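Given the structure is predicted, the values throughout are model-derived calculations rather than measurements.
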Amino acid sequence: MRTPLNAVIGFTQLLRLHGGQDRMRLAQYSEHILNAGQHLLALVNDVLDLQQVEEGRLALQLELVTLQEAVDGA
């Protein structure tokens with residue numbers, strides 16, 4: 001979880017330093033921040049889902065899936 005959070009913090013600090021000097025750089029930084037934030041959100045959601053499973057609050061349903069579906073999902 002630290003890696004995407006560090007990216008969010010680091011690129012935000014760079015934005016503060018460079019401001020609106022270079023629109024291309026600003027777009028790149030904001031794209032990195034967005035990607036890192038989405039990655040962090042996915043990690044947090046996974047941790048919360050795992051917590052629910054461990055507490056028995058999330059019901060799992062076994063079903064058949066094709067190997068290709070499992071590989072694509074991973």
Considering only heavy atoms from C-beta outward, does the side chain of Thr66 approach that of Val71 to under 4.5 Å?
-> no
Measure the shortest side-chain to side-chain distance between Gln38 and Asn35 over non-hydrogen atoms and say whether it is less than 4.5 angstrom.
-> yes
Distance-minimising heavy-atom pair for Ile33 and Leu15 = CD1-CD1, 3.5 Å
Name the orientation class of the two ring planes belonging to Phe11 and His32 (parallel below 30°, tilted from 30 to 60°, perpendicular beyond 60°).
-> parallel
Taking atom CD of Glu31 and atom CD of Gln28, what is their separation to the nearest 0.5 Å?
-> 9.5 Å
Please tell me if the side chains of Glu69 and Asp72 come closer than 4.5 Å, counting only heavy atoms from C-beta onward.
-> no
With rounding to the nearest 0.5 Å, note down the distance linking CG in Asn45 to CG in Leu40.
-> 9.5 Å
Checking Asp46, Val44, Leu50 against Leu48 for side-chain contact (heavy atoms from CB on, under 4.5 Å), the one that qualifies is Val44
